[in-house]
Number of protein chains: 2
Amino acid sequence: MSQTVKTLISLRELILNGEIAPGERLLEVNLVDRLGVSRTPIRAALARLAEEGLLEKAPGSGYVVREFTVHDIRDSIEVRGTLEGMAARWAAERGISEPALNRIKACVAEIDALLSQTELSNDDIATYLELNEIFHQQLLGLSDSFVIERMLERIVALPFASPNAFVIATSEIGQSWKIFFVAQDQHRGIVNAIENREGLRAEYLAREHALLTLRVLKTALKNQSVLDQVPGAKLISNVAA
Amino acid sequence: MSQTVKTLISLRELILNGEIAPGERLLEVNLVDRLGVSRTPIRAALARLAEEGLLEKAPGSGYVVREFTVHDIRDSIEVRGTLEGMAARWAAERGISEPALNRIKACVAEIDALLSQTELSNDDIATYLELNEIFHQQLLGLSDSFVIERMLERIVALPFASPNAFVIATSEIGQSWKIFFVAQDQHRGIVNAIENREGLRAEYLAREHALLTLRVLKTALKNQSVLDQVPGAKLISNVAA
DNA sequence: TTGCTTATTTGTGTATACATGCACAAAGGA
DNA sequence: TCCTTTGTGCATGTATACACAAATAAGCAA
């Protein structure tokens with residue numbers, strides 16, 4: 001893996017874990033010592049992270065780690081839900097290929113299999129996270145729309161906009177399995193609606209699915225001890241929660 | 001202005017004007033001669049344009065100018081309309097400041113003044129473009145949402161997703177003034193709805209406004225001689241129009 | 001001819017030196 | 001006292017050299 005990519009990843013991690021605090025000034029030169037690479041890959045990584053919205057450029061005085069508010073989280077999730085809704089509707093209206101349908105159904109089946117166990121271990125939760133991620137990727141892929149894919153790439157880069165954010169946030173308090181079943185029912189509903197070419201219903205369900213995330217996350221946000229475990233949480237100020 | 005910015009702008013222009021053809025391979029080294037700057041600002045510009053979606057990275061063999069389809073255009077406009085709709089609804093639901101309201105009303109009034117003339121010159125059309133741009137920027141600014149602003153930044157970067165795309169496309173055939181009045185009525189409606197705190201209505205109207213763009217653009221897309229005048233049109237393949 | 005292997009070319013990753021320009025502080029004037 | 005101005009240092013912009021990796025072409029064998 002190239003230095004550029006490694007630098008990008010480690011910088012992002014440092015920010016999301018709060019090891020670089022919100023409001024902190026990041027200077028290219030300082031990072032040279034801190035990360036052990038030259039300015040060139042650092043410059044690229046900083047530019048990229050600014051694009052993603054994790055940093056803000058302060059001309060002449062470096063980049064500043066952005067602090068997110070609960071408003072930003074709410075907005076991100078609502079936007080993601082809306083976009084996923086459009087993706088689902090377009091998939092339904094425009095029709096999808098047999099193989100694509102089978103792929104996403106297989107994904108749903110895998111989650112079903114996982115959830116049919118009597119008890120869920122930490123590993124199972126990790127597996128769920130992966131499968132959920134895959135499901136959501138496939139869902140947006142179904143729309144076969146370049147524009148939707150680019151938009152979603154962007155929104156998912158923001159902390160807590162990822163479809164997994166709520167799972168991460170709740171897995172710590174041992175309640176995630178309840179949510180898994182609700183979420184999985186919604187997954188099934190969305191796929192059904194797409195298969196039956198009910199565009200509006202698919203859109204509605206996908207939005208509702210995102211709102212579930214929002215609801216769970218709102219609860220989680222009140223529990224600071226939970227959030228302390230979660231990547232990105234350090235970036236969030238509870239201004240006007 | 002820095003070389004980086006100049007390089008970015010001129011490269012983008014070259015691409016949108018079709019002087020660099022879709023599918024063409026862009027290599028950093030070649031561009032050094034072509035643009036007269038070193039690889040460093042070129043690298044930055046290429047990375048940025050790839051982010052924007054105008055280029056695709058082909059590792060080991062440069063960047064390739066992306067070719068857009070009519071599907072991409074349709075999707076872009078629909079996504080923009082949806083996002084502007086959310087922005088309008090949020091502005092209505094969350095309330096906006098008196099000064100902000102006055103600013104956007106002043107903008108509407110300026111367009112009114114412009115349209116009240118008996119005849120519109122080319123300069124007037126240019127002025128309309130500016131004012132329209134400002135209106136749409138203010139509209140999204142009303143939502144006071146970091147997330148919305150970032151998303152819209154991104155979508156507007158795609159060719160023909162700009163709120164002005166339809167005006168540009170029709171101004172050549174001398175019919176734009178008709179559209180101006182329709183659009184301006186919609187502008188007024190959106191602002192009214194926000195002022196009256198009718199969130200859902202504001203959202204609906206903003207979406208409709210985007211659909212106007214789509215309708216006009218569809219007509220324009222059939223007229224190749226019009227499109228030849230329009231920046232970005234060269235990037236669009238009429239696959240399955 | 002086709003497929004494989006290797007040599008060569010070509011393109012990008014990376015480091016670093018130098019140029020430019022911005023921020024901030026200190027000094028001078030109103 | 002406050003505003004303006006100018007200087008100095010610091011941060012980024014830019015160019016370029018080198019190293020590596022990947023693509024392409026050439027040569028050989030089956």
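Under the salt bridge (Lys or Arg N to Asp or Glu O under 4.0 Å) criterion, A:K105 pairs with A:E195, sequence neighbours left out.
In this structure, A:L55 places its CG atom 12 Å from P of D:dT12, rounding to the nearest Å. Between the NZ atom of A:K6 and the P atom of D:dC20 there is a distance of 14 Å, given to the nearest Å. As a whole-Å value, the separation of A:L46 CG from D:dA11 P is 14 Å.
Between A:R66 and A:E52 no salt bridge is recorded (no basic side-chain N to carboxylate O distance below 4.0 Å). For the pair B:R94 and A:D75, the salt-bridge criterion is met [side-chain N within less than 4.0 Å of a carboxylate O]. Ion pairing of B:R154 with A:E51 is present here, as a side-chain N (NZ or NE/NH1/NH2) and a carboxylate O approach within less than 4.0 Å.
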Could you write out each protein N or O paired with an N or O of nucleotides 8-14 of chain C at a distance under 3.5 Å?
residue	atom	partner	partner atom	Å
C:dT12	OP1	B:G62	N	3.2
C:dT12	OP2	B:E28	N	3.2
C:dG13	OP2	B:R43	NH1	2.6
C:dG13	OP2	B:R43	NH2	2.9
C:dG13	N7	B:R39	NH2	3.1
C:dG13	O6	B:R39	NH1	3.0
C:dT14	OP1	A:Q3	N	2.3
C:dT14	OP2	A:T4	N	2.8
C:dT14	OP2	A:T4	OG1	2.3

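Within a 6.0 Å sphere centred on CG of B:D144, heavy atoms belonging to other residues, nucleotides or ligands number 12 at most.
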